[in-house]
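Worksheet for the structure shown next.
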There are 2 protein chains.
Amino acid sequence: MAPGEWEVTARVERFVEPALLLALRGGRSHGYELAERLAEVIGVESVDYGNLYRLLRSLEQEGIVSSEWDDQSEGHSKREYELTDSGELLLEAWVESLRQADERIAAFLRRYDERNPT
Amino acid sequence: MAPGEWEVTARVERFVEPALLLALRGGRSHGYELAERLAEVIGVESVDYGNLYRLLRSLEQEGIVSSEWDDQSEGHSKREYELTDSGELLLEAWVESLRQADERIAAFLRRYDERNPT
DNA sequence: TGACATATATGTTATTGACATGTATATTTC
DNA sequence: GAAATATACATGTCAATAACATATATGTCA
């Protein structure tokens with residue numbers, strides 16, 4: 001790899017989870033649509049559907065979301081997901097944790113800029 | 001797990017790498033001492049030595065740091081590490097990426113606070 | 001009818017970091 | 001001077017995560 005061309009990407013681990021919870025707070029919906037909201041929240045073009053559905057199922061097992069099939073509406077039959085009360089609490093916990101992460105990164109950047117004034 | 005008691009920790013993946021580069025910018029040093037600087041940069045009590053030495057070796061293989069044994073100084077013989085020019089560039093790349101991560105988290109928090117005024 | 005979008009789902013794999021363990025020397029304490 | 005502890009470097013193992021590939025079935029449009 002040529003100097004200055006490393007693929008360094010500072011990713012927040014499991015960021016998709018709080019992002020999904022935030023997307024769900026926008027109202028109950030099905031996976032495929034949630035994927036679009038999610039992409040907007042995260043700021044990417046698209047998200048991985050496979051992992052999204054897996055995450056939804058695991059969140060449901062933990063009581064973070066609840067779901068039921070919706071066959072009434074037009075088109076393809078969908079499974080509609082909704083944030084539970086536990087889910088709201090979990091989102092709050094994530095927000096707290098993300099504030100801390102934000103501060104840790106900010107502290108790093110301050111320390112860098114201190115000795116690297118632009 | 002009781003409601004409201006999840007262990008959600010928003011960690012930046014591979015954060016130890018930029019933190020180590022920043023610690024190294026403070027001047028050449030050996031692994032054991034770098035571990036202390038590193039802990040301070042990250043804001044934890046201690047870091048995992050095993051992973052640190054593995055990281056140092058892999059960074060050296062990629063030309064990010066250079067090292068040599070120092071048998072002159074008192075006590076235990078140590079290997080001294082130093083940031084190369086490539087290392088400086090990589091740190092810059094990390095800083096750019098971390099600024100973006102910072103902004104992504106900030107955007108998430110703004111979006112959350114929008115509909116959740118304190 | 002063939003292509004594409006919608007919708008949900010599972011399988012596989014590399015990367016990462018936590019934890020445990022191993023080795024050796026230096027220093028302190030009793 | 002023996003034992004405990006700190007310094008210093010290093011490898012092994014494993015679970016969680018996320019990227020990528022694949023599978024399935026239906027709806028829509030040209």
Practice item. Look only at the side chain of Tyr53(A) and the backbone of Tyr32(A), and say whether a donor-acceptor pair between them is shorter than 3.5 Å. Key: yes
Atom CG of Leu52(B) and atom P of dC9(D) are separated, to the nearest Å, by 9 Å
dA26(C), OP1 or OP2 - any side-chain N/O from His76(B) closer than 4.0 Å? no
In whole angstroms, the gap separating P of dT16(C) from CG of Leu55(B) amounts to 10 Å
Exercise. Under 4.0 Å between a side-chain N or O of Arg14(A) and OP1 or OP2 of dT17(D)?
Worked result: yes
* To do: Just call it for Gly50(B): base, sugar-phosphate, or nothing, with non-hydrogen atoms closer than 4.0 Å on any strand.
  => base
Assign each of Arg54(B) and Ser77(A) the nucleotide of DNA chain D bearing its closest heavy atom; nearer the 5' end lies the nucleotide of Arg54(B)
*For the pair Ser97(B) (side chain) and Ala10(A) (backbone), establish whether a donor and an acceptor sit closer than 3.5 Å, ignoring hydrogens and angles.*
yes
Q) Considering residues, nucleotides and ligands other than Glu82(B), do more than 12 of their heavy atoms fall under 6.0 Å from its CD? A) yes
Looking only at dA19(D), dA10(D), dG12(D), the nucleotide nearest the Arg79(B) side chain is dA10(D)
The answer to which of Glu80(A) and Glu13(B) contacts DNA chain C further toward the 5' end, by nearest nucleotide, is Glu80(A)
From CD of Glu62(A) across to P of dA16(D) the rounded distance in Å is 12 Å
For dT7(D) and Tyr32(B) - does any side-chain N or O of the residue sit under 4.0 Å from the phosphate oxygens OP1/OP2?
yes
To the nearest angstrom, the CG-C1' distance between Asn51(B) and dC19(C) comes to 9 Å
side-chain N/O Arg11(B) vs dA18(C) OP1/OP2, d < 4.0 Å: yes
By nearest-heavy-atom nucleotide on DNA chain C, the more 5' of His30(A) and Asp48(B) is His30(A)
### Message
Strictly below 4.0 Å: does Tyr53(B) bring a side-chain N or O up to OP1 or OP2 of dC9(D)?
### Response
yes
>> Below the 4.0 Å mark, does dT10(C) have OP1 or OP2 next to a side-chain nitrogen or oxygen of Arg57(A)?
In response: yes
Looking only at heavy atoms, the pair that brings Thr84(B) and Gly63(B) closest together is OG1-O, 2.6 Å
